[in-house]
Amino acid sequence: MKLFTVGPVEMYDHTRAMGSRQNEYFREPEFSAFLSETSNLLKQALFAPQEYHTIFLASSGTGAMEATVINCFNSADKLLIINGGTFGNYFVNICKKNKIPYDEVILNYGEMLTKNVLDSYSGKKYTALLVNICETSTGQLYDIKLLDSFCKRNGMYLIVDAISSAFADEYKISNYKIHATILSSQKALALPPGLAMVVLSDQIYEERVKISGTNSMYFDFKAYVNNMTRGQTPFTPCIGLLYQLNDMLKHLLEQGIDNKISRTHTLATYFRKQARKNNIQMPVYPLANAVTPVLFSDINAFNLHEKLRDQYSIYINPNGLMPERICRIGHLGNLTEVDYDLLITAINDIMSQMKKEKYTI
Ligand SMILES: *Cc1c(COP(=O)(O)O)cnc(C)c1O
C-alpha cells in the first residue's frame with residue numbers, strides 16, 4: 001500500500017515506533033514537563049512568539065476550526081470568509097450553525113484570489129478574516145502577505161486554517177499578524193489523525209477568548225490556556241499522539257523547518273514535471289506544496305483512482321467536486337522521487353488501458 005493522499009499520509013518509522021509506547025498517567029509532573037516542552041517546540045517550529053498560547057485538542061482539524069470560531073467570535077461580529085472550496089465552506093457552515101454573521105469571498109473552481117477581488121471587501125467593518133491558507137480541495141495557496149496586509153489595513157483579526165500548509169509551505173507566524181493558527185496531526189506532520197492544535201496570539205486571547213461567553217464546555221479555550229500554564233489540559237489528552245508530535249517536532253527542528261519545506265517543494269515539483277511530460281493537465285493558479293490536482297479530459301478520473309487502488313494498492317484523493325475530471329495527488333509524509341516514478345508509470349499504464357477499453361467520459 002502506498003498513500004499519495006493528503007491525510008492520513010505515509011508515516012515515518014520513528015512515528016510508528018512512538019505509537020507503540022505505553023501511555024503514561026498524565027496528571028503527574030513528568031507529563032506536565034513533557035507537554036510544556038511540546039508546546040514550546042510547536043511554537044518554535046511555527047516561528048510563534050513565546051507569549052502565544054498553544055491548545056491541544058483531541059479532535060480532527062474541523063473541531064479546532066469550530067472551537068476557534070466560537071471562542072473568538074459571536075453574533076455581534078461580522079466575519080469575512082475566503083470560500084474557495086470544501087474547507088472554506090466548513091468555515092461558512094460553522095458560522096451558520098453558531099449564528100455568527102459573515103460574508104463570503106466565493107472563488108469558483110479555477111479562480112485565483114487576487115488583490116482586486118479582496119480590496120472590494122475593504123472598509124466594510126469586518127471583525128476578522130477566516131482563511132484556509134491552502135484550500136486543500138483545489139490545492140490553491142493563497143497569498144499570506146496579501147491577506148495579512150488587508151487585515152492590518154482594516155483592523156481585522158487574521159484566523160488561518162494552516163492544516164495542510166504548515167510544514168509544507170513557508171508559514172512563519174511572527175512574520176505576520178496571525179491571531180489564530182489551526183493545525184491537525186494527519187497532514188504534513190504525518191501523524192495519525194486525532195490531534196488538533198491551535199496557536200493563539202496573546203492579543204486575541206486577552207481581547208476575545210478570555211471574555212468569550214461560549215456555550216461549549218469541552219471546547220472552552222479559557223480552560224485549555226489556564227491548564228497549559230502548568231503543562232496540563234482540562235480533559236484527557238491524546239497522550240500517544242502527543243508522544244508522536246513531540247518526536248516529530250524534534251526531527252523537524254533538527255532537519256530545519258526550511259529544509260523540510262524545500263524538500264516538500266522538490267517532491268511536488270518533481271511530480272508536476274513528470275506529469276507535464278505525460279500531458280497531464282494541472283490548474284494555473286498558485287499551487288501549494290501539499291497537493292497537486294490533476295485534470296483529465298479523456299479518461300474518467302474517479303475510475304483512475306479506483307484502478308490505482310485495485311491494481312497497484314496506490315491511494316490518491318478522488319475529488320468531491322467534478323470527481324470524473326479531477327483527482328488529487330499529495331506530497332506530504334514519507335515519500336520519495338522513486339515513489340512518484342512508480343505512480344507516474346502506474347497512471348500511464350492505466351490511462352492507456354482505459355483508452356483501449358474506451359473508459360472515456
Ligand atoms: C484536512 C483539512 C481539514 C480538516 O479535516 P479533518 O477531517 O477534520 O481533520 C481542514 N482544513 C483543511 C484545509 C484541511 O486540509
Side-chain angles (χ1 to χ4, degrees), residues 3-11 46 55-70 79 81-98 104-107 109 113 129-144 147 158-171 178 180-199 216 218-219 238 241-242 244-245 248 261 264 268 283 285-293 315-321 326-333:
L3 298 183
F4 293 92
T5 45
V6 270
V9 302
E10 287 289 325
M11 302 197 302
L46 291 168
I55 289 167
F56 296 105
L57 299 169
S59 84
S60 84
T62 311
M65 291 169 74
E66 181 154 22
T68 302
V69 172
I70 64 172
L79 309 183
I81 301 171
I82 308 295
N83 184 357
T86 310
F87 295 104
N89 215 37
Y90 279 18
F91 273 135
V92 169
N93 285 330
I94 288 167
C95 288
K96 255 188 213 158
K97 291 217 180 253
N98 291 285
E104 300 169 63
V105 181
I106 296 178
L107 302 170
Y109 196 83
L113 179 67
L129 180 87
L130 310 183
V131 65
N132 322 87
I133 198 68
C134 163
E135 171 50 78
T136 319
S137 67
T138 66
Q140 183 168 173
L141 180 69
Y142 303 129
D143 183 352
I144 186 77
L147 296 162
L158 176 54
I159 308 297
V160 180
D161 163 4
I163 290 175
S164 62
S165 186
F167 311 118
D169 294 287
E170 187 178 292
Y171 188 80
I178 301 169
T181 297
I182 300 157
L183 302 173
S184 177
S185 53
Q186 81 276 25
K187 304 279 168 84
L189 286 165
L191 310 179
L195 169 67
M197 292 142 274
V198 182
V199 179
S216 175
Y218 186 77
F219 287 114
C238 29
L241 275 161
L242 288 163
Q244 290 170 305
L245 173 68
M248 178 56 79
I261 288 163
T264 310
Y285 49 72
L287 284 176
N289 290 330
V291 59
T292 306
Y315 290 77
I316 63 172
N317 280 107
N319 221 49
L321 203 70
I326 304 170
C327 43
R328 288 169 300 144
I329 313 292
H331 309 298
L332 306 177

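Just so you know, ligand 1 is whichever comes first in the structure, and atom 1 is the first atom listed for that ligand. From a predicted model like this one, the values you see are computed outputs, not experimental measurements. By convention here, the first residue in the shown sequence is residue 1.
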**OP:** To the nearest 0.5 Å, tell me how far Asn83 CG sits from Leu107 CG.
**Re:** 7.5 Å
Subject >> Within-4.5 Å side-chain heavy-atom neighbours: Ile159 and Leu79 >> reply: no
**OP:** With Arg328 as reference, evaluate Thr138, Thr292, Asn319 under the side chain to side chain donor-acceptor pair (under 3.5 Å) test and give the passing residue.
**Re:** Asn319
**OP:** Not counting sequence neighbours, which residues clear side-chain hydrogen bond (donor to acceptor under 3.5 Å, both in side chains) with Tyr171? List them please.
**Re:** Thr181
Subject >> Main-chain N/O of Ala168 paired with Thr264 side-chain donor or acceptor, under 3.5 Å >> reply: no
Subject >> Asn132 and Ile163, any side-chain heavy atoms less than 4.5 Å apart >> reply: no
**OP:** At a heavy-atom distance under 4.0 Å, which protein residues reach ligand 1? Sort them by chain and number, would you?
**Re:** Ser60, Gly61, Thr62, Met65, Phe87, Cys134, Thr136, Asp161, Ile163, Ser164, Ser184, Gln186, Lys187
